[in-house]
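To keep things clear, I will list the structure first and then write my remarks on it.
For ligands, and for the atoms within them, numbers begin at 1 and follow the listed sequence.
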Amino acid sequence: MSRSPSIPDRPHRDIDPDLPDDERLEALRSHFEDLVTVNEQLSSQLDEAEERRGHLREKVDRVERENETLKSSSLYIATVEDVMDDDGEAVVKQHGNNQEVLTELSPRVAERVEAGDRVAVNDSFAIQTVLEAETDARAQSMEITERPAIGYEDIGGIDEQVREVREAVEQPLAEPERFEEVGIDPPSGVLLYGPPGTGKTMLAKAVANETDATFIKMAGSELVRKFIGEGSRLVRDLFEMAREREPAIIFIDEIDAIATTRSESKTSGDAEVQRTMMQLLSEMDGFEARGEIRIIAATNRFDMLDRAILRPGRFDRLIEVPEPDRGGREQILEIHTRDMNVSDEVDFAELADETDGYSGADIESLATEAGMFAIRNERDEIHHGDFVEAVEKLEEDDSSDVVSSAGYFYQ
Ligand SMILES: Nc1ncnc2c1ncn2[C@@H]1O[C@H](COP(=O)(O)OP(=O)(O)OP(=O)(O)O)[C@@H](O)[C@H]1O
(Lines give C-alpha, C1' and ligand atoms only; values in the text may rest on other atoms or scores of the structure.)
Protein backbone atom coordinates (compact mmCIF):
# COMPACT_ATOMS: atom_id res chain seq x y z
CA MET A 1 0.00 0.00 0.00
CA SER A 2 1.36 3.51 -0.88
CA ARG A 3 2.35 5.67 2.06
CA SER A 4 0.30 8.79 2.78
CA PRO A 5 2.03 12.06 1.75
CA SER A 6 3.35 14.05 4.71
CA ILE A 7 1.18 16.89 5.96
CA PRO A 8 2.78 20.29 5.26
CA ASP A 9 3.82 22.38 8.26
CA ARG A 10 1.52 25.12 9.37
CA PRO A 11 3.06 28.45 8.18
CA HIS A 12 4.12 30.59 11.04
CA ARG A 13 5.42 34.14 10.97
CA ASP A 14 6.10 36.63 13.72
CA ILE A 15 5.29 40.14 12.56
CA ASP A 16 6.92 42.91 14.47
CA PRO A 17 4.12 45.29 15.58
CA ASP A 18 6.58 48.18 15.46
CA LEU A 19 7.12 47.86 11.69
CA PRO A 20 5.79 50.62 9.51
CA ASP A 21 2.26 49.96 8.21
CA ASP A 22 3.22 49.22 4.58
CA GLU A 23 5.84 46.65 5.65
CA ARG A 24 3.44 44.96 8.07
CA LEU A 25 0.82 44.83 5.32
CA GLU A 26 3.35 43.25 2.97
CA ALA A 27 4.34 40.67 5.62
CA LEU A 28 0.68 39.85 6.30
CA ARG A 29 -0.03 39.45 2.58
CA SER A 30 2.90 37.09 2.16
CA HIS A 31 1.72 35.08 5.23
CA PHE A 32 -1.74 34.91 3.72
CA GLU A 33 -0.30 33.55 0.46
CA ASP A 34 1.60 30.87 2.41
CA LEU A 35 -1.63 29.91 4.12
CA VAL A 36 -3.46 29.67 0.81
CA THR A 37 -0.70 27.44 -0.64
CA VAL A 38 -0.80 25.11 2.38
CA ASN A 39 -4.57 25.05 2.22
CA GLU A 40 -4.42 24.00 -1.43
CA GLN A 41 -1.91 21.24 -0.61
CA LEU A 42 -4.09 19.99 2.23
CA SER A 43 -7.26 19.93 0.15
CA SER A 44 -5.52 18.03 -2.63
CA GLN A 45 -4.23 15.54 -0.03
CA LEU A 46 -7.75 15.28 1.34
CA ASP A 47 -9.07 14.54 -2.16
CA GLU A 48 -6.44 11.83 -2.61
CA ALA A 49 -7.32 10.34 0.80
CA GLU A 50 -11.02 10.34 -0.11
CA GLU A 51 -10.19 8.55 -3.33
CA ARG A 52 -8.08 5.96 -1.53
CA ARG A 53 -10.85 5.47 1.03
CA GLY A 54 -13.28 4.83 -1.83
CA HIS A 55 -10.94 2.17 -3.27
CA LEU A 56 -10.49 0.51 0.13
CA ARG A 57 -14.25 0.48 0.76
CA GLU A 58 -14.75 -1.28 -2.58
CA LYS A 59 -12.07 -3.80 -1.63
CA VAL A 60 -13.69 -4.47 1.77
CA ASP A 61 -17.07 -4.92 0.11
CA ARG A 62 -15.59 -7.42 -2.33
CA VAL A 63 -13.85 -9.41 0.42
CA GLU A 64 -17.03 -9.41 2.49
CA ARG A 65 -19.00 -10.70 -0.48
CA GLU A 66 -16.41 -13.43 -1.08
CA ASN A 67 -16.49 -14.34 2.58
CA GLU A 68 -20.27 -14.62 2.53
CA THR A 69 -20.12 -16.87 -0.53
CA LEU A 70 -17.53 -19.03 1.18
CA LYS A 71 -19.63 -19.28 4.31
CA SER A 72 -22.85 -20.11 2.51
CA SER A 73 -21.39 -22.58 0.03
CA SER A 74 -21.34 -26.26 0.92
CA LEU A 75 -18.27 -27.68 2.51
CA TYR A 76 -16.98 -31.22 2.21
CA ILE A 77 -16.22 -33.46 5.16
CA ALA A 78 -12.71 -34.83 5.37
CA THR A 79 -10.45 -36.48 7.90
CA VAL A 80 -7.04 -35.11 8.78
CA GLU A 81 -4.52 -37.89 8.25
CA ASP A 82 -1.31 -36.12 9.12
CA VAL A 83 -0.21 -32.66 10.25
CA MET A 84 3.22 -31.34 9.29
CA ASP A 85 3.72 -28.76 12.02
CA ASP A 86 6.94 -27.36 10.58
CA ASP A 87 5.50 -26.63 7.19
CA GLY A 88 2.03 -25.60 8.37
CA GLU A 89 0.50 -28.22 6.08
CA ALA A 90 -1.75 -31.23 6.53
CA VAL A 91 -2.82 -34.26 4.54
CA VAL A 92 -6.60 -34.58 4.44
CA LYS A 93 -8.71 -37.35 3.00
CA GLN A 94 -12.11 -36.46 1.69
CA HIS A 95 -14.99 -38.72 2.69
CA GLY A 96 -16.88 -40.28 -0.15
CA ASN A 97 -14.15 -40.47 -2.79
CA ASN A 98 -11.22 -41.03 -0.41
CA GLN A 99 -9.17 -38.46 -2.31
CA GLU A 100 -6.05 -37.46 -0.39
CA VAL A 101 -4.59 -33.96 -0.68
CA LEU A 102 -1.87 -31.89 0.89
CA THR A 103 -3.33 -28.61 2.05
CA GLU A 104 -1.89 -25.50 3.64
CA LEU A 105 -3.22 -24.69 7.09
CA SER A 106 -4.49 -21.17 7.59
CA PRO A 107 -3.25 -19.55 10.83
CA ARG A 108 -6.88 -19.47 11.95
CA VAL A 109 -7.11 -23.27 12.25
CA ALA A 110 -3.43 -24.36 12.38
CA GLU A 111 -3.32 -24.46 16.17
CA ARG A 112 -6.42 -26.60 16.51
CA VAL A 113 -5.97 -29.25 13.83
CA GLU A 114 -4.74 -32.69 14.84
CA ALA A 115 -4.42 -35.96 12.98
CA GLY A 116 -7.68 -37.90 13.19
CA ASP A 117 -9.91 -34.79 13.37
CA ARG A 118 -12.95 -34.55 11.16
CA VAL A 119 -12.93 -31.23 9.33
CA ALA A 120 -14.98 -29.28 6.81
CA VAL A 121 -13.03 -28.27 3.70
CA ASN A 122 -13.97 -25.97 0.82
CA ASP A 123 -13.56 -26.55 -2.91
CA SER A 124 -9.83 -25.87 -2.67
CA PHE A 125 -9.49 -28.26 0.27
CA ALA A 126 -8.71 -25.42 2.66
CA ILE A 127 -9.83 -26.42 6.15
CA GLN A 128 -12.66 -24.12 7.22
CA THR A 129 -13.77 -25.71 10.48
CA VAL A 130 -12.71 -28.47 12.80
CA LEU A 131 -15.84 -30.46 13.64
CA GLU A 132 -16.60 -30.81 17.31
CA ALA A 133 -16.93 -34.27 18.79
CA GLU A 134 -20.67 -33.71 19.34
CA THR A 135 -21.24 -33.11 15.67
CA ASP A 136 -19.52 -36.37 14.95
CA ALA A 137 -22.38 -38.62 13.95
CA ARG A 138 -20.20 -41.69 14.32
CA ALA A 139 -20.00 -41.34 18.06
CA GLN A 140 -23.72 -40.72 18.36
CA SER A 141 -24.91 -43.55 16.23
CA MET A 142 -22.83 -46.40 17.59
CA GLU A 143 -22.62 -48.03 20.94
CA ILE A 144 -19.10 -49.26 21.56
CA THR A 145 -18.29 -51.49 24.50
CA GLU A 146 -14.80 -52.80 24.97
CA ARG A 147 -16.04 -55.73 27.01
CA PRO A 148 -19.79 -56.14 27.59
CA ALA A 149 -20.64 -57.45 31.06
CA ILE A 150 -22.81 -60.33 29.82
CA GLY A 151 -21.87 -63.98 29.75
CA TYR A 152 -23.59 -67.09 28.40
CA GLU A 153 -24.60 -67.96 31.97
CA ASP A 154 -26.85 -64.86 31.99
CA ILE A 155 -28.93 -66.16 29.09
CA GLY A 156 -31.69 -68.64 29.81
CA GLY A 157 -33.86 -70.95 27.75
CA ILE A 158 -32.07 -70.70 24.41
CA ASP A 159 -29.20 -73.13 24.83
CA GLU A 160 -29.43 -74.40 21.28
CA GLN A 161 -29.21 -70.84 19.91
CA VAL A 162 -26.23 -70.11 22.16
CA ARG A 163 -24.51 -73.21 20.77
CA GLU A 164 -25.19 -72.18 17.17
CA VAL A 165 -23.96 -68.62 17.72
CA ARG A 166 -20.79 -69.88 19.38
CA GLU A 167 -20.13 -72.16 16.46
CA ALA A 168 -20.76 -69.49 13.83
CA VAL A 169 -19.18 -66.50 15.54
CA GLU A 170 -16.97 -67.51 18.40
CA GLN A 171 -15.16 -70.41 16.81
CA PRO A 172 -14.02 -68.56 13.66
CA LEU A 173 -12.55 -65.86 15.92
CA ALA A 174 -10.99 -68.22 18.44
CA GLU A 175 -9.79 -71.00 16.12
CA PRO A 176 -9.62 -69.72 12.55
CA GLU A 177 -7.05 -72.43 11.70
CA ARG A 178 -9.68 -75.15 12.08
CA PHE A 179 -11.71 -73.65 9.25
CA GLU A 180 -8.55 -73.32 7.21
CA GLU A 181 -7.58 -76.94 7.78
CA VAL A 182 -10.98 -78.21 6.72
CA GLY A 183 -10.98 -75.76 3.83
CA ILE A 184 -14.28 -73.98 4.46
CA ASP A 185 -15.18 -70.40 5.12
CA PRO A 186 -17.11 -69.71 8.30
CA PRO A 187 -20.53 -68.05 7.90
CA SER A 188 -20.08 -64.42 6.85
CA GLY A 189 -22.88 -62.99 8.87
CA VAL A 190 -25.33 -64.35 11.39
CA LEU A 191 -28.92 -63.19 11.44
CA LEU A 192 -30.86 -63.62 14.69
CA TYR A 193 -34.58 -63.34 14.23
CA GLY A 194 -37.51 -63.63 16.59
CA PRO A 195 -39.86 -61.62 18.80
CA PRO A 196 -38.58 -58.66 20.81
CA GLY A 197 -36.94 -59.14 24.18
CA THR A 198 -35.86 -62.74 23.70
CA GLY A 199 -32.12 -62.20 24.16
CA LYS A 200 -30.76 -61.46 20.68
CA THR A 201 -28.74 -58.46 21.84
CA MET A 202 -27.60 -60.40 24.90
CA LEU A 203 -26.33 -63.21 22.69
CA ALA A 204 -24.23 -60.84 20.59
CA LYS A 205 -22.82 -59.17 23.70
CA ALA A 206 -22.00 -62.52 25.31
CA VAL A 207 -19.99 -63.65 22.27
CA ALA A 208 -18.06 -60.37 22.30
CA ASN A 209 -17.32 -60.85 25.97
CA GLU A 210 -16.26 -64.45 25.52
CA THR A 211 -13.90 -63.65 22.64
CA ASP A 212 -12.49 -60.43 24.14
CA ALA A 213 -13.84 -58.60 21.11
CA THR A 214 -15.08 -55.03 21.01
CA PHE A 215 -18.85 -54.89 20.73
CA ILE A 216 -20.04 -52.26 18.24
CA LYS A 217 -23.77 -51.83 17.98
CA MET A 218 -25.68 -49.79 15.45
CA ALA A 219 -29.46 -49.62 15.25
CA GLY A 220 -30.90 -49.78 11.75
CA SER A 221 -33.80 -47.54 12.69
CA GLU A 222 -31.46 -44.78 13.89
CA LEU A 223 -29.47 -45.01 10.70
CA VAL A 224 -32.57 -44.26 8.75
CA ARG A 225 -34.37 -41.83 11.04
CA LYS A 226 -31.71 -39.78 12.76
CA PHE A 227 -28.96 -39.52 10.24
CA ILE A 228 -30.87 -38.88 7.07
CA GLY A 229 -28.54 -38.73 4.12
CA GLU A 230 -25.65 -40.14 6.09
CA GLY A 231 -26.66 -43.80 6.20
CA SER A 232 -24.17 -45.18 3.74
CA ARG A 233 -21.31 -43.13 5.15
CA LEU A 234 -22.16 -44.38 8.64
CA VAL A 235 -22.12 -47.98 7.45
CA ARG A 236 -18.66 -47.36 6.01
CA ASP A 237 -17.58 -45.74 9.27
CA LEU A 238 -18.99 -48.71 11.18
CA PHE A 239 -16.74 -51.15 9.36
CA GLU A 240 -13.78 -48.79 9.57
CA MET A 241 -14.31 -48.51 13.31
CA ALA A 242 -14.40 -52.32 13.57
CA ARG A 243 -11.17 -52.63 11.57
CA GLU A 244 -9.49 -50.18 13.91
CA ARG A 245 -10.56 -52.24 16.91
CA GLU A 246 -10.16 -55.84 15.81
CA PRO A 247 -11.22 -58.31 17.05
CA ALA A 248 -14.70 -56.88 16.91
CA ILE A 249 -18.32 -57.95 16.76
CA ILE A 250 -20.53 -55.67 14.70
CA PHE A 251 -24.13 -55.92 15.84
CA ILE A 252 -26.75 -54.34 13.60
CA ASP A 253 -30.04 -54.27 15.45
CA GLU A 254 -33.36 -53.84 13.60
CA ILE A 255 -31.71 -54.59 10.29
CA ASP A 256 -35.18 -54.59 8.71
CA ALA A 257 -35.07 -50.77 8.85
CA ILE A 258 -32.40 -50.71 6.14
CA ALA A 259 -33.07 -54.03 4.45
CA THR A 260 -36.77 -54.16 3.74
CA THR A 261 -38.22 -55.52 0.55
CA ARG A 262 -38.04 -52.80 -2.08
CA SER A 263 -41.29 -50.91 -2.17
CA GLU A 264 -42.88 -49.68 -5.35
CA SER A 265 -42.69 -46.03 -4.40
CA LYS A 266 -39.39 -44.45 -5.31
CA THR A 267 -39.23 -41.55 -2.94
CA SER A 268 -35.90 -40.00 -2.05
CA GLY A 269 -36.18 -41.57 1.43
CA ASP A 270 -36.40 -45.03 -0.14
CA ALA A 271 -33.42 -44.29 -2.34
CA GLU A 272 -31.39 -43.32 0.71
CA VAL A 273 -32.36 -46.51 2.56
CA GLN A 274 -31.45 -48.44 -0.56
CA ARG A 275 -28.03 -46.78 -0.71
CA THR A 276 -27.43 -47.62 2.94
CA MET A 277 -28.24 -51.26 2.29
CA MET A 278 -26.05 -51.39 -0.82
CA GLN A 279 -23.18 -50.00 1.20
CA LEU A 280 -23.71 -52.69 3.83
CA LEU A 281 -23.76 -55.41 1.20
CA SER A 282 -20.65 -54.11 -0.50
CA GLU A 283 -18.79 -53.94 2.83
CA MET A 284 -19.79 -57.55 3.48
CA ASP A 285 -18.86 -58.70 0.00
CA GLY A 286 -15.39 -57.25 0.34
CA PHE A 287 -14.87 -58.94 3.64
CA GLU A 288 -12.14 -61.33 4.67
CA ALA A 289 -14.20 -64.37 5.75
CA ARG A 290 -11.64 -65.61 8.22
CA GLY A 291 -10.84 -62.16 9.54
CA GLU A 292 -11.15 -60.83 13.01
CA ILE A 293 -14.48 -59.10 12.52
CA ARG A 294 -17.78 -60.93 12.82
CA ILE A 295 -21.16 -59.50 11.93
CA ILE A 296 -24.41 -60.27 13.70
CA ALA A 297 -27.71 -58.69 12.77
CA ALA A 298 -31.09 -58.97 14.46
CA THR A 299 -34.69 -58.44 13.42
CA ASN A 300 -38.22 -58.91 14.72
CA ARG A 301 -39.55 -58.66 11.17
CA PHE A 302 -38.06 -61.55 9.27
CA ASP A 303 -40.98 -61.48 6.83
CA MET A 304 -40.07 -58.00 5.64
CA LEU A 305 -36.41 -58.64 4.88
CA ASP A 306 -34.99 -58.14 1.43
CA ARG A 307 -33.78 -61.61 0.45
CA ALA A 308 -30.67 -60.06 -1.10
CA ILE A 309 -29.10 -59.86 2.34
CA LEU A 310 -29.54 -63.59 2.92
CA ARG A 311 -27.42 -64.72 -0.04
CA PRO A 312 -24.27 -66.78 0.55
CA GLY A 313 -21.41 -64.58 1.71
CA ARG A 314 -23.83 -62.24 3.44
CA PHE A 315 -26.17 -63.16 6.30
CA ASP A 316 -25.91 -66.81 5.48
CA ARG A 317 -26.52 -68.29 8.92
CA LEU A 318 -30.05 -67.78 10.19
CA ILE A 319 -30.80 -68.47 13.82
CA GLU A 320 -34.31 -68.21 15.18
CA VAL A 321 -34.52 -66.97 18.75
CA PRO A 322 -38.01 -67.87 19.87
CA GLU A 323 -39.94 -67.03 22.99
CA PRO A 324 -38.85 -69.20 25.87
CA ASP A 325 -40.82 -72.38 26.58
CA ARG A 326 -41.87 -73.45 30.07
CA GLY A 327 -38.41 -74.72 31.02
CA GLY A 328 -36.79 -71.63 29.50
CA ARG A 329 -39.03 -69.29 31.47
CA GLU A 330 -38.12 -71.07 34.67
CA GLN A 331 -34.43 -70.72 33.89
CA ILE A 332 -34.78 -67.02 33.04
CA LEU A 333 -36.73 -66.43 36.27
CA GLU A 334 -33.90 -68.04 38.20
CA ILE A 335 -31.31 -65.92 36.40
CA HIS A 336 -33.13 -62.66 37.08
CA THR A 337 -33.74 -63.42 40.75
CA ARG A 338 -30.16 -64.58 41.38
CA ASP A 339 -29.24 -61.40 43.20
CA MET A 340 -32.64 -60.94 44.85
CA ASN A 341 -33.64 -61.95 48.34
CA VAL A 342 -36.19 -64.61 47.37
CA SER A 343 -37.96 -66.80 49.94
CA ASP A 344 -37.49 -70.60 49.67
CA GLU A 345 -41.24 -71.08 49.23
CA VAL A 346 -41.22 -69.36 45.81
CA ASP A 347 -42.17 -71.99 43.23
CA PHE A 348 -40.46 -71.04 39.96
CA ALA A 349 -41.94 -74.03 38.09
CA GLU A 350 -45.44 -72.86 38.92
CA LEU A 351 -44.60 -69.26 37.91
CA ALA A 352 -43.24 -70.58 34.61
CA ASP A 353 -46.64 -72.21 34.05
CA GLU A 354 -48.38 -68.90 34.74
CA THR A 355 -46.26 -66.89 32.31
CA ASP A 356 -46.99 -68.52 29.00
CA GLY A 357 -46.13 -66.11 26.17
CA TYR A 358 -43.69 -64.01 28.23
CA SER A 359 -40.41 -63.02 26.66
CA GLY A 360 -37.15 -62.85 28.60
CA ALA A 361 -37.58 -59.09 28.90
CA ASP A 362 -41.12 -59.57 30.29
CA ILE A 363 -39.78 -61.97 32.89
CA GLU A 364 -37.13 -59.46 33.90
CA SER A 365 -39.90 -56.86 34.47
CA LEU A 366 -41.88 -59.43 36.43
CA ALA A 367 -38.98 -60.04 38.82
CA THR A 368 -38.53 -56.29 39.39
CA GLU A 369 -42.26 -55.83 39.92
CA ALA A 370 -42.35 -58.66 42.50
CA GLY A 371 -39.53 -56.91 44.37
CA MET A 372 -41.61 -53.70 44.36
CA PHE A 373 -44.52 -55.56 45.99
CA ALA A 374 -42.21 -56.78 48.76
CA ILE A 375 -40.99 -53.21 49.36
CA ARG A 376 -44.56 -51.92 49.37
CA ASN A 377 -45.36 -54.51 52.05
CA GLU A 378 -42.32 -53.47 54.03
CA ARG A 379 -40.56 -56.78 53.65
CA ASP A 380 -36.99 -57.40 52.52
CA GLU A 381 -37.78 -60.91 51.33
CA ILE A 382 -39.82 -61.66 48.24
CA HIS A 383 -42.63 -64.19 48.61
CA HIS A 384 -44.41 -66.32 46.04
CA GLY A 385 -47.49 -64.10 46.47
CA ASP A 386 -45.46 -61.06 45.31
CA PHE A 387 -44.74 -62.79 42.01
CA VAL A 388 -48.40 -63.75 41.62
CA GLU A 389 -49.45 -60.13 42.23
CA ALA A 390 -46.78 -58.96 39.79
CA VAL A 391 -48.18 -61.29 37.10
CA GLU A 392 -51.67 -59.88 37.68
CA LYS A 393 -50.41 -56.29 37.61
CA LEU A 394 -48.45 -56.74 34.39
CA GLU A 395 -51.41 -58.37 32.72
CA GLU A 396 -53.72 -55.60 33.90
CA ASP A 397 -51.30 -52.87 32.83
CA ASP A 398 -51.25 -53.94 29.28
CA SER A 399 -52.82 -57.21 28.41
CA SER A 400 -51.87 -56.84 24.78
CA ASP A 401 -48.23 -55.89 25.34
CA VAL A 402 -47.18 -58.44 27.96
CA VAL A 403 -47.60 -61.24 25.51
CA SER A 404 -44.92 -59.84 23.32
CA SER A 405 -45.26 -62.15 20.36
CA ALA A 406 -48.76 -60.86 19.57
CA GLY A 407 -48.67 -58.80 16.43
CA TYR A 408 -45.08 -59.62 15.49
CA PHE A 409 -44.35 -61.58 12.40
CA TYR A 410 -41.01 -63.12 12.41
CA GLN A 411 -41.42 -65.85 9.92
N1 LIG B 1 -33.10 -65.49 27.15
C2 LIG B 1 -32.95 -64.57 28.09
N3 LIG B 1 -32.34 -64.86 29.25
C4 LIG B 1 -32.20 -63.92 30.20
N5 LIG B 1 -32.64 -62.64 30.09
C6 LIG B 1 -33.25 -62.31 28.95
C7 LIG B 1 -33.43 -63.24 27.89
N8 LIG B 1 -34.05 -62.62 26.88
C9 LIG B 1 -34.24 -61.34 27.27
N10 LIG B 1 -33.77 -61.14 28.52
C11 LIG B 1 -33.82 -59.88 29.28
O12 LIG B 1 -34.45 -58.92 28.47
C13 LIG B 1 -33.58 -57.82 28.19
C14 LIG B 1 -33.71 -57.47 26.73
O15 LIG B 1 -33.17 -58.51 25.93
P16 LIG B 1 -32.46 -58.28 24.55
O17 LIG B 1 -32.18 -56.83 24.39
O18 LIG B 1 -31.34 -59.22 24.42
O19 LIG B 1 -33.62 -58.68 23.59
P20 LIG B 1 -33.68 -58.60 22.01
O21 LIG B 1 -34.13 -59.93 21.56
O22 LIG B 1 -32.42 -58.06 21.48
O23 LIG B 1 -34.88 -57.58 21.86
P24 LIG B 1 -35.20 -56.51 20.72
O25 LIG B 1 -35.62 -57.29 19.54
O26 LIG B 1 -36.33 -55.74 21.35
O27 LIG B 1 -33.95 -55.70 20.54
C28 LIG B 1 -32.20 -58.31 28.53
O29 LIG B 1 -31.41 -57.26 29.02
C30 LIG B 1 -32.45 -59.35 29.59
O31 LIG B 1 -32.48 -58.76 30.85
- Task: Could you check atom 30 (C) of ligand 1 against the protein and tell me its nearest heavy-atom contact, residue, atom and distance included?
- Result: Met202 SD, 3.6 Å
- Message: With a 4.0 Å cut-off on N to O distance, would you call Asp356 and Arg326 a salt bridge?
- Response: no
- Message: Show the atoms of ligand 1 that are less than 4.0 angstrom away from any heavy atom in Asp154.
- Response: 3 (N), 4 (C)
- Query: Would you say the side chain of Val60 lies within less than 4.5 Å of the side chain of Arg57, judging by non-hydrogen atoms?
  - Reply: yes
- ligand 1 versus Ile332: contacting region, heavy-atom distance under 4.0 Å: side chain
- Item | Proximal atoms of ligand 1 relative to Ala361 (non-hydrogen, under 4.0 Å) | 9 (C), 10 (N), 11 (C), 12 (O)
- pair Leu173-Ile249: side-chain heavy atoms closer than 4.5 Å: yes
- Among non-hydrogen protein atoms, atom 9 (C) of ligand 1 lies closest to Gly197 O, 3.1 Å
- Note on the structure: Nearest non-hydrogen protein atom to atom 21 (O) of ligand 1, with distance, is Lys200 NZ, 2.8 Å
- Between Ile155 and Gln161, is any pair of side-chain heavy atoms under 4.5 Å apart? no
- Query: Have Gln279 and Glu283 got a donor and an acceptor in their side chains that come within less than 3.5 Å?
  - Reply: yes
- Item | Proximal ligand 1 atoms for Asn300, defined as those under 4.0 Å from one of its heavy atoms | 25 (O)
- Message: Could you check whether Ser282 and Asp285, counting side-chain N and O atoms only, form a donor-acceptor pair closer than 3.5 Å?
- Response: no
- Task: Provide, to 0.1 Å, the distance between atom 29 (O) of ligand 1 and the closest protein heavy atom, together with that atom's residue and name.
- Result: Glu364 OE1, 4.1 Å
- Note on the structure: Here the atoms of ligand 1 under 4.0 Å from any heavy atom belonging to Ile155 are 1 (N), 3 (N)
- Message: Looking at ligand 1, is there an atom of it that comes within less than 4.0 Å of some heavy atom belonging to Leu192?
- Response: no
- Query: Less than 3.5 Å between some nitrogen or oxygen of Pro196 and one of ligand 1, yes or no?
  - Reply: no
- Message: Between Glu170 and Tyr152, do the side chains contain a donor N or O and an acceptor N or O under 3.5 Å apart?
- Response: yes
- Task: Among all protein heavy atoms, pick the one closest to atom 27 (O) of ligand 1 and tell me residue, atom and distance.
- Result: Asp253 OD2, 3.5 Å
- Closest approach of any protein heavy atom to atom 22 (O) of ligand 1, naming residue and atom: Thr201 OG1, 2.5 Å
- Message: So, regarding Ile335 and ligand 1 (criterion: nitrogen or oxygen to nitrogen or oxygen, under 3.5 Å), is there a contact or not?
- Response: no
- Message: One thing to verify: whether Arg163 and Glu167 come together as a salt bridge, which I'm taking to mean a side-chain N less than 4.0 angstrom from a carboxylate O.
- Response: yes
- Task: Report yes or no: does Gly156 have a heavy atom closer than 4.0 Å to ligand 1?
- Result: yes
- Message: With a 4.0 Å cut-off on heavy atoms, is His336 in contact with ligand 1?
- Response: yes
- Query: Any side-chain heavy-atom pair from Val346 and Thr337 closer than 4.5 angstrom?
  - Reply: no
- Query: Tell me, do Leu366 and Leu351 make a side-chain contact under 4.5 Å, heavy atoms counted?
  - Reply: no
